[in-house]
Amino acid sequence: MSAELARVAGPVGAAGLVVLMLATARWQRLAGLAVWVAAAAVLAVYLAPKGHAALLGAAAVAGLAVAAIGAYLLRRWPWLLALATLACVPARIPVTIGSTQANLLVPLYGVVAAAALALAWDFVRGDERSRELGPVALPLAAFVAWTGLSLAWSQDVRQGAIELLAFYLPFGLLAVSLSRLDWRARWDVALYAELCVMALIFAAVGIEQWITRDIFWNPKLLVGNTYAPFYRVNSVFWDPSIYGRFLVVAILATLVVALRTRSTRLIIGAAAGIALVWVGLLFSFSQSSFAALIAGVVLAAAFAWGRRAIALVLVGAAVFLLVAAAAPNVRHALLHRTNGGVNRVTSGRSKLVTNGVKIAEHHPVVGVGVGAFKHAYAKQAHLRSKASRAGASHDTPITVAAETGIPGLALLAWLVVAGLALAFRRRSGDLVGTTALTCGLVFAAIGVHSLFYNAFFEDPTVWGVLALAAVTARVPLPGRDERPQPPQLDREVEAEREQDQWVDGRQRDRAGQRDVERLPEHG
């Protein structure tokens, strides 16, 4: 299949997803879903390795059968979608697409297929719900539309097609499906329990890896540990930074529970769990994960203690900067070897950011197209290979600006503001408010993480917490039942009002009769 057909399929698939997010008519959303399926199929055929048509066809048929079973289960227990999504987050499988190697969430794509079938069945059966993502529907749809459209001028069509097919199209549909869930407290607690159990297991595996010096999956990490002054672990994940980010999500969720509960036992248990998971996080030696954790803790403290927490954070930051400036190696690197020193201190990210900004400056209106950052970076830095790892982006905003220009960066800012506003606007102390606050902290923490590790839209957790925040936003606040009263209740209220009026009228008649009896007779 030609690259030109893929250039058309990308924008068309994004348009179908936009219709699914924004349309209000049931038939329009069903048509958008059909367009989404067709475009995804075209991109899949374009990216499929050559010479394995029979095997891939058989796998597609088997996968469709499994997805149909999954759709049936989701129809009976819709919250299984959230549990299954969380269970599949760590499962990144190394696959080869043509000449490109990637670690993709293959099991999660099966969950997405089941969600798509369940969604289609809902539309066929007459489900009239729409705009389930609430205030984030428009900015998310706009960003997806512009990113998909950029494949039309992308300098690297294959990588752009991988980005759309592996992340934007499936995770966008997953967000729509998750946002359609009705709030259920028990299922929400089950989701949090699953997160805690997974984090504890992964942390224990990471600690065991550090003790035994045994790394799974990633041979490059094993080689890197041979020459590094410290030993990094990845638990069951491919990359230590992804492993650390997952543990940060669990720590922040547990921290919110500890801050909102009054149970001493629950607080002690939460503290013990955070301590164990933090040890597992420590051995990842992921600077981006620790930065994300600090940002999440600061926000949590601000919501819990207000201005006092902010003042304490400012004092701590000032002390940290003074201590860092007093360190001879840091001062020497920053003052005497400006370019090389800063680049070394930031593990090479300073050079990547500088060249990424130059790419964005050279293509400010439309960018170089989705997936083309590495290609453009190789031209900018005069690298021999356009697929060199030296050109891999480590900063999401810089990548968005380089690939989609100023419009894409503006849409990203709109989406971030809308997502934080959606999650943080609910201040109730009940389970719904606790969940909304957790979604906001996780969304903000992953946003900070993406400043050092380009995996914001590539993480299904981001799409999931936006959807779950939309679910909590539909729940009325305590004491404010916004649902309309049932008709029979209206009739009862009206009957009571008529009875009160009849009693008042009888009392007035009796009072008037007594006044008449007291008047003197005239004859």
D156/R158 under side-chain contact (heavy atoms from CB on, under 4.5 Å): CA gap, chis, key distance, verdict: CA-CA 6 Å; D156 191 340; R158 177 167 292 274; 4.1 Å; yes

Donor on one side chain, acceptor on other, N355 and Y377, under 3.5 Å: yes

V365 and I406, any side-chain heavy atoms less than 4.5 Å apart: no

For G440 against L420, the heavy-atom pair lying closest together: O-CD2, 3.9 Å

Spacing of CE belonging to M198 relative to CD1 belonging to I201, to within rounding of 0.5 Å: 8.5 Å

Non-hydrogen side-chain atoms of L140 and M21 separated by less than 4.5 Å: yes

Donor-acceptor contact below 3.5 Å, side chain R213 vs main chain W210: yes

Side-chain donor/acceptor of E403 to backbone N/O of V368, under 3.5 Å: no

Aromatic ring pairing F246/F237, orientation class (parallel under 30°, perpendicular over 60°, tilted between): tilted

Whether W79 and W183 hold their rings parallel, tilted or perpendicular, with breakpoints at 30° and 60°: perpendicular

Pairwise distance CZ(R7) to CG(L5) - rounded to 0.5 angstrom: 12.0 Å

Listed partners of D239 passing salt bridge (charged side-chain N to carboxylate O under 4.0 Å, His left out), at least two apart: none

Under 3.5 Å: donor-acceptor pair, side chain of S150, backbone of V370: yes

Close aromatic pair by centroid cut-off 6.0 Å: W146 and W414: no

By side chain to side chain donor-acceptor pair (under 3.5 Å) - contacts of Y192 (at least two apart): T254

Salt bridge (charged side-chain N to carboxylate O under 4.0 Å, His left out) involving R232 - partner list, sequence neighbours excluded: none

Close side-chain approach of L108 to F171, heavy-atom, < 4.5 Å: yes

Partners meeting side chain to side chain donor-acceptor pair (under 3.5 Å) with R180 (sequence neighbours left out): D127, E132

Residue pair W36 / A116: nearest heavy atoms and the distance that separates them: CZ3-CB, 4.1 Å

Ring center gap for F285 and F290 short of 6.0 angstrom: no

Pairing residues for T461 by the side chain to side chain donor-acceptor pair (under 3.5 Å) criterion, not counting sequence neighbours: D459

Side chain proximity check, F457 to F143, heavy atoms < 4.5 angstrom: yes

Full working for side-chain contact (heavy atoms from CB on, under 4.5 Å) between Y46 and V157: CA-CA 10 Å; Y46 167 68; V157 182; 4.0 Å; yes

Separation between CG of L411 and OG1 of T404, rounded to the nearest 0.5 Å: 7.5 Å

Flag, side chain of S235 to backbone of Y243, donor-acceptor distance under 3.5 Å: no

Under 3.5 Å: donor-acceptor pair, side chain of S179, backbone of V176: yes

Pairwise side-chain contact, Y231 with I215, heavy-atom cut-off 4.5 Å (strictly under): yes

Full working for side-chain contact (heavy atoms from CB on, under 4.5 Å) between S130 and Q28: CA-CA 11 Å; S130 62; Q28 293 174 341; over 6 Å; no

Ring-ring centroid check F456 F167, cutoff 6.0 Å: no

Going by atom type alone, with no hydrogens or angles, which donor-acceptor pairs under 3.5 Å involve a side-chain atom of residues 38-45 and a protein atom two or more places apart or on another chain?
none

Close side-chain approach of N234 and S284, heavy atoms under 4.5 Å: no

Straight-line distance of L441 CG to L437 CG, nearest 0.5 Å: 4.5 Å

All salt bridge (charged side-chain N to carboxylate O under 4.0 Å, His left out) counterparts of E361, not counting sequence neighbours: none

S450 (side chain) donor-acceptor with G447 (main chain) under 3.5 angstrom: yes

Shortest non-hydrogen contact from L33 toward A120: CD2-CB, 3.6 Å

Flag, side chain of S288 to backbone of F452, donor-acceptor distance under 3.5 Å: no

Residues in salt bridge (charged side-chain N to carboxylate O under 4.0 Å, His left out) contact with R26, at least two apart in sequence or another chain: E128

D214 vs F216 side-chain heavy atoms within contact, under 4.5 Å: yes

Partner residues of A295 under the side chain to side chain contact (heavy atoms under 4.5 Å, CB included) criterion, sequence neighbours left out: V448

Between CZ on residue F230 and CG on residue L282, distance to nearest 0.5 Å: 11.0 Å

Which residues share a side chain to side chain donor-acceptor pair (under 3.5 Å) with T435, sequence neighbours left out: D188

Flag side-chain contact, heavy atom, 4.5 Å: V19 against V35: no

Closest heavy-atom pair and its distance - L165, P170: O-CD, 3.2 Å

Closest non-hydrogen atom pair, P78 against L181: O-CD2, 3.4 Å

Point-to-point distance, once rounded to the nearest 0.5 Å, from OG of S241 to CG of N454: 12.0 Å

R129 backbone acceptor or donor facing R29 side chain under 3.5 Å: yes

For L22, all residues meeting side chain to side chain contact (heavy atoms under 4.5 Å, CB included), sequence neighbours excluded: V18, R131, A137, L138, A141

Ignoring hydrogens and angles, write down the donor-acceptor pairs under 3.5 Å from the side chains of residues 83-92, residues two or more places apart or on other chains.
residue: T85; atom: OG1; partner: L81; partner atom: O; Å: 2.7
residue: R92; atom: NH2; partner: E458; partner atom: O; Å: 3.3

Closest heavy-atom pair and its distance - A175, A467: O-CB, 3.4 Å

Audit row: E163, T147, side-chain contact (heavy atoms from CB on, under 4.5 Å) steps and yes/no: CA-CA 10 Å; E163 292 285 329; T147 302; over 6 Å; no

